[in-house]
J.: 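Starting off with a structure, shown below.
Protein chains get the first letters and strands the later ones, always in sequence-line order, with residue 1 at the start of each.
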Protein chains: 2
Amino acid sequence: MNEKELIQTLFLPLASGFEGSLGLMDDAAVINNLNDQKIVVSKDILVSGIHFFEDEHPAAIAKKCLRVNLSDIAAMGAKPICYLLGLCLPKKDNVSWVTAFCEGLKAEQDFYNCALAGGDLVSSTGPVSISITIFGSLAENNILLRSNAQAGDDVWVSGTIGDAGVALMLLTDSVKLKSDFPKRDRDYLEARLRSPTPRLTLGEKLLSFASSACDVSDGLLSDLSNICAASGLGASISSRLIPISSEVKRVIKEVETLSIMDLISAGDDYELIFTANVKHSEHILDISKKFDFGLTKIGKMTQELSIVLDGECVKQKEVKMGYGHF
Amino acid sequence: MNEKELIQTLFLPLASGFEGSLGLMDDAAVINNLNDQKIVVSKDILVSGIHFFEDEHPAAIAKKCLRVNLSDIAAMGAKPICYLLGLCLPKKDNVSWVTAFCEGLKAEQDFYNCALAGGDLVSSTGPVSISITIFGSLAENNILLRSNAQAGDDVWVSGTIGDAGVALMLLTDSVKLKSDFPKRDRDYLEARLRSPTPRLTLGEKLLSFASSACDVSDGLLSDLSNICAASGLGASISSRLIPISSEVKRVIKEVETLSIMDLISAGDDYELIFTANVKHSEHILDISKKFDFGLTKIGKMTQELSIVLDGECVKQKEVKMGYGHF
């Protein structure tokens, strides 16, 4: 299939739910204003061999791409509107790949109510790369920023930390387990890496009381340091408070070299870190009960600019602060 | 420099004019609604070795990337607001490249009043690729689509056609000239390839009377066929009416194999093709006088679905209809 045929056959069905896509026939798409709400936009690129394995199933890649982008707007408290897709593909033999990729997108966009609005499809001599621009709207014309944390605010985190990182260590053999390690546990960890859940509902709820938020994409320490830098503050957190899944606990039990530092330095969890005044604690714990994941207080924002873990200053150079592209 | 340092040092200055960029500190950027206007968005990816030469100067690449994207919103009649930048770069030795690239962006965005709002910076094992998402607003809450052309409408084109295509043929040696071919003419053609001018002011003017529009990115024939397909019509055009620069005329004089078909099949001119009711002819010629490029009537939209050139049906398979990525 040529470019036009690929678009007509495989991409047009993804745009059918969104009028502003103009049937993918124009130079651009249209985002109608929604009662004068703010529009939030984010762009993430995922490259084969770096953000996902080259032999990963295309539908799984599509799933992760869309979810990672949705996580960015979840961190702003926004609701998905639509997305633009930029796809760089090798020149040949890509019809079956694109077909499966589009099937993956379809399932995800239906689930998250977020249709394709447009994009670009080009050939490349390099690896597959997928660039998504995602659009969200802010229901209350409010916004969650990284920069509004206050000294004394509690630091909270959703779900569990380190699952995706440990899954990656297992898949790349940098951590090895005995053969009798439960397959169910391994599957759980891999699912956390491959299908992160964007915390959209939580993000929307945070709008009314959180002072800042950020998603855990590069690693808890790295992303918390982003909130600190943006707010001109530091943070003090406690390793025993970091929420860890029972699956990761079982891995730690077997692999003594694996430390809490590895978990909070690893990326890809796509949980939300947020800060809130201490007066909201009870309300947050109430909200927590409505989700199938927990909300856990792990520390406090401080006037001192550094990040302190268990009373000791974390020296940035000693820690792998998330994935460094350069 | 690592990722954060690159962003702080080189990209942040590009975002300083745009409040919604949130200082490039957040997961997403904010597009405030502008008096309930429609927002137009477009995304184009440019890959090294395909859309530009690998050894092209980074500032020139930046220039072309932004202009190509601006051309997309020009074709919709929109005014630029801001852009998101997705940059895939080799892992090493990229600081001087990115520095020059950002200098190029800065000059262009200042000229077109269109600041950086956010984006993503990732490493890749493949060639440099640049994905821009551009945002525009529609001044009159009107929009130029490809799909509204009417049978009997005149087909118009701005500027001259084939300059960029001929420049590419010269640069790739697929067309060769005698050594005494004027350097000035060669420079003019190369400039048309390297620094296309998005027809933004024209696009805005077209909003009030044109029935459809499209930019000439893939080649006049290919892009006209997009208008035809979207409008469910055909077109009949005349080769002697196609506006050709004196520089291209001089090349044709020397290279007999070069035909009008080559010119209307070549891409990258970034002129606008538009259709308008015949009653607007005089008005269009009046507007034309205000620009430093012409507006030329080249044919008519027809009920018959095919594209007819000089009375003969253009068989799509016989013509290279623009660049085929796949």
J.: Could you state the interatomic distance from CG (B:Asp72) to CG (A:Asp120), rounded to the nearest 0.5 Å?
T.: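 Between atom CG of B:Asp72 and atom CG of A:Asp120 there are 8.0 Å.
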J.: Looking at A:Val95, A:Asp44, A:Asp223, which has the largest count of heavy-atom pairs under 4.5 Å with chain B?
T.: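 Looking at each option in turn, the highest pair count goes to A:Asp44.
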J.: At a heavy-atom distance under 4.5 Å, which candidate from B:Asn69, B:Val41, B:Val40 has the highest pair count against chain A?
T.: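 So the answer, after comparing B:Asn69, B:Val41, B:Val40, is B:Val41.
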J.: With rounding to the nearest 0.5 angstrom, report the OG to CD1 distance, A:Ser124 to B:Ile45.
T.: 9.5 Å
J.: So which part of A:Ile134 gets closer than 4.5 Å to some heavy atom of chain B, the side chain, the backbone, both or neither?
T.: neither
J.: Among the options B:Ser71, B:Ser42, B:Gly49, pick out the one with the most heavy-atom pairs lying under 4.5 Å from chain A.
T.: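 Of the options given, most contacts go to B:Ser42.
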J.: Just by distance, do the side chain of B:Thr133 and the backbone of A:Thr133 share a donor-acceptor pair under 3.5 Å?
T.: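 No.
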J.: Can you name the residues of residues 18-26 of chain A that have some heavy atom under 4.5 Å away from a heavy atom in chain B?
T.: A:Leu22, A:Met25, A:Asp26
J.: Given heavy-atom pairs under 4.5 angstrom as the criterion, report whether the side chain, backbone, both or neither of A:Leu46 touches chain B.
T.: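 Interface part for A:Leu46: neither.
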J.: Taking B:Lys43 for the side chain and A:Ala28 for the main chain, is one N or O donor matched with an acceptor at less than 3.5 Å?
T.: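 Side chain of B:Lys43 to backbone of A:Ala28, a donor-acceptor pair under 3.5 Å: no, none is there.
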J.: When you measure from the side chain of A:Ser131 to the backbone of B:Ser131, do you find a donor-acceptor pair of N or O atoms at a distance under 3.5 Å?
T.: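 No; zero donor-acceptor contacts below 3.5 Å.
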J.: Contact part of A:Val30 toward chain B, heavy-atom cut-off under 4.5 Å: side chain, backbone, both or neither?
T.: both
J.: Can you check side chain to side chain contact (heavy atoms under 4.5 Å, CB included) on B:Val47 and A:Ser123, steps first, answer last?
T.: CA-CA 8 Å; B:Val47 180; A:Ser123 59; over 6 Å; no
J.: Verify side chain to side chain contact (heavy atoms under 4.5 Å, CB included) between A:Ile31 and B:Phe135, making sure each step is shown before the conclusion.
T.: CA-CA 10 Å; A:Ile31 314 291; B:Phe135 294 74; over 6 Å; no
